[in-house]
Amino acid sequence: MRKHHASSPARHTGTSTRHAGAPANRPAYRHGRHELGQNFLTDQVTIAAVVDLVARTRGPIVEIGPGDGALTLPLQELGRRLTGIEIDGRRAALLGRRTNRSTTIVTADFLRYETPSAPHVLVGNLPFHETTPMLRRILRAPAWTDAVLLVQWEVARRRAGVGGATLMTAQWWPWYEFALARRVPAAAFRPRPSVDGGLITVTRRDRPLVDRADRADRADRKRYQDMVHRVFTGPGRGLAQIVAAACPDLPRRTVAQWLGRHGLGPTRLPKDLTARQWAELYALGAGVRRR
């Protein structure tokens with residue numbers, strides 16, 4: 001995981017509850033975070049694994065959904081500035097009383113929270129039913145350098161490209177590296193979920209694979225992601241047919257030569273491509289469509 005120095009705090013768009021009671025204008029959730037889709041992490045081995053992964057990074061930490069502090073309290077022992085974004089005002093207030101002065105607990109919904117503009121590290125045990133929107137929010141957020149995330153096991157495998165890449169992974173691969181750290185048994189949570197969890201790391205690339213060398217180009221990202229979507233959802237029985245249909249301006253001979261250079265048979269599928277193969281396909285001109 002990449003190391004990066006930073007010390008800027010998170011920008012608060014919620015209510016800070018460090019060493020304070022629950023805000024009067026925010027209702028406490030009477031039934032706790034399980035009503036919000038959360039399963040509390042209780043397994044000390046998994047907690048230690050998360051902290052160890054975060055310890056390999058540098059910079060302020062932003063924790064998504066700290067709950068009762070199972071990760072927060074050991075994370076603050078790393079001696080770095082820590083901001084916890086907790087949607088449950090009651091739990092945020094209680095946790096705020098237990099943390100030290102370098103830790104701030106903010107009552108806010110992470111999906112609407114304005115993350116810091118300076119480099120930072122994201123960590124969190126994501127609510128299983130909110131995994132996809134939270135991952136989309138994370139991938140679109142600026143400035144963070146590393147993320148250590150606990151999600152559903154199958155989601156973790158798919159994001160890391162185990163057994164083949166998914167559309168979401170392929171669309172973001174040029175900007176991020178995804179890795180599967182470990183499987184987390186359902187018994188590690190309370191209440192116990194019906195499925196296992198998976199611990200993944202996401203690292204922002206120092207140099208994106210498809211952006212221009214001088215600056216990050218949002219237009220490049222949109223063109224690239226549109227291309228990936230067309231290829232993943234296009235008709236055909238293999239890459240040769242699929243790419244020909246999805247990228248009609250790309251000569252079939254060029255596609256055949258590209259497949260041959262990478263040892264990809266014509267019947268291989270989009271899920272079989274690596275990050276660099278996707279980037280090379282885009283560089284060939286597959287991201288350009290005839291008007």
Side-chain angles (χ1 to χ4, degrees), residues 1-29 32-33 36-42 46-48 50-127 130 133-135 137-150 201-202 204:
M1 301 179 72
R2 182 176 59 181
K3 294 185 176 181
H4 194 104
H5 292 277
S7 58
S8 177
R11 295 182 62 185
H12 295 172
T13 56
T15 302
S16 174
T17 59
R18 187 179 69 187
H19 309 307
N25 61 343
R26 286 185 180 272
Y29 292 89
R33 287 175 57 88
L36 303 174
Q38 180 63 295
N39 299 95
F40 296 97
L41 181 62
T42 59
T46 303
I47 291 170
V50 173
V51 174
D52 178 66
L53 288 169
V54 176
R56 302 178 194 180
T57 67
R58 295 282 182 87
I61 302 165
V62 175
E63 184 185 358
I64 304 165
D68 292 332
L71 289 172
T72 313
L73 300 180
L75 281 172
Q76 71 180 2
E77 296 303 315
L78 296 176
R80 291 149 64 177
R81 188 167 298 181
L82 171 61
T83 302
I85 313 304
E86 174 55 55
I87 195 171
D88 187 330
R90 179 179 64 85
R91 293 188 183 278
L94 291 172
L95 180 58
R97 298 189 188 108
R98 301 169 59 202
T99 55
N100 61 32
R101 297 185 64 83
S102 65
T103 299
T104 301
I105 306 300
V106 178
T107 303
D109 182 350
F110 177 75
L111 290 175
R112 297 176 177 83
Y113 184 76
E114 184 178 358
T115 55
S117 58
H120 59 282
V121 176
L122 291 174
V123 59
N125 170 23
L126 304 187
E130 292 281 3
M134 283 199 165
L135 282 175
R137 171 75 177 87
I138 289 168
L139 293 172
R140 290 185 173 93
W144 62 269
T145 58
D146 300 273
V148 179
L149 306 171
L150 187 50
T201 62
V202 189
R204 191 183 298 269

Please name the pair of heavy atoms, one in Leu111 and one in Pro133, separated by the smallest distance, quoted to 0.1 Å.
-> CD2-O, 3.7 Å
Interatomic distance, CD1@Ile87 vs CZ@Arg112, rounded to 0.5 Å, equals 7.5 Å
Any side-chain heavy atom of Val148 within less than 4.5 Å of one from Asp146?
-> no
Considering all heavy atoms of both residues, which atom of Ala55 and which atom of Leu78 are nearest to each other, and what is their separation?
-> CB-CD2, 3.9 Å
List for me each residue that meets side chain to side chain contact (heavy atoms under 4.5 Å, CB included) alongside Asp52, sequence neighbours excluded, and say none if there are none.
-> Arg56
For Gly67 and Phe40, which heavy atoms make the closest approach, and how far apart are they?
-> CA-CE2, 4.4 Å
What pair of heavy atoms forms the shortest contact from Arg91 to Asp68, and how long is it?
-> NH1-OD1, 2.6 Å
Whether Asn125 side chain and Gly65 backbone form a donor-acceptor pair below 3.5 Å | no
Do Ile64 and Tyr113 come within less than 4.5 Å of each other through their side chains, counting heavy atoms only?
-> no
Looking at Ile61, Thr115, Thr145, which hits side-chain contact (heavy atoms from CB on, under 4.5 Å) with His120?
-> Thr115
Which pair of non-hydrogen atoms, one from Ala143 and one from Pro116, has the smallest distance, and what is that distance?
-> CB-O, 3.5 Å
Arg58 side chain reached by Pro119 side chain, heavy atoms, under 4.5 Å | no
CG of Leu126 to CG of Leu150: how many Å apart, nearest 0.5 Å?
-> 7.5 Å
Would you list the atom pairs, donor with acceptor, under 3.5 Å between side chains in residues 69-76 and any protein atom, with sequence neighbours excluded?
{"unit_1": "Thr72", "atom_1": "OG1", "unit_2": "Glu63", "atom_2": "OE1", "d": "2.6"}
{"unit_1": "Gln76", "atom_1": "OE1", "unit_2": "Asn100", "atom_2": "N", "d": "3.2"}
{"unit_1": "Gln76", "atom_1": "OE1", "unit_2": "Thr103", "atom_2": "OG1", "d": "2.9"}

Any idea which heavy atoms bring Trp144 and Ile138 closest together, and the distance?
-> NE1-O, 2.8 Å
Rounded to the nearest 0.5 Å, what separation is found between the CG atom of Asp109 and the CD atom of Glu130?
-> 7.5 Å
Test Arg98 against Leu94 for side chain to side chain contact (heavy atoms under 4.5 Å, CB included), laying out the working first.
-> CA-CA 7 Å; Arg98 301 169 59 202; Leu94 291 172; 5.8 Å; no
Under the 3.5 angstrom rule, does the side chain of Arg80 hit a backbone N or O of Gly59 as a donor-acceptor pair?
-> yes
Take Leu82 and Thr99 through the test side chain to side chain contact (heavy atoms under 4.5 Å, CB included) and record every step on the way to the result.
-> CA-CA 10 Å; Leu82 171 61; Thr99 55; over 6 Å; no
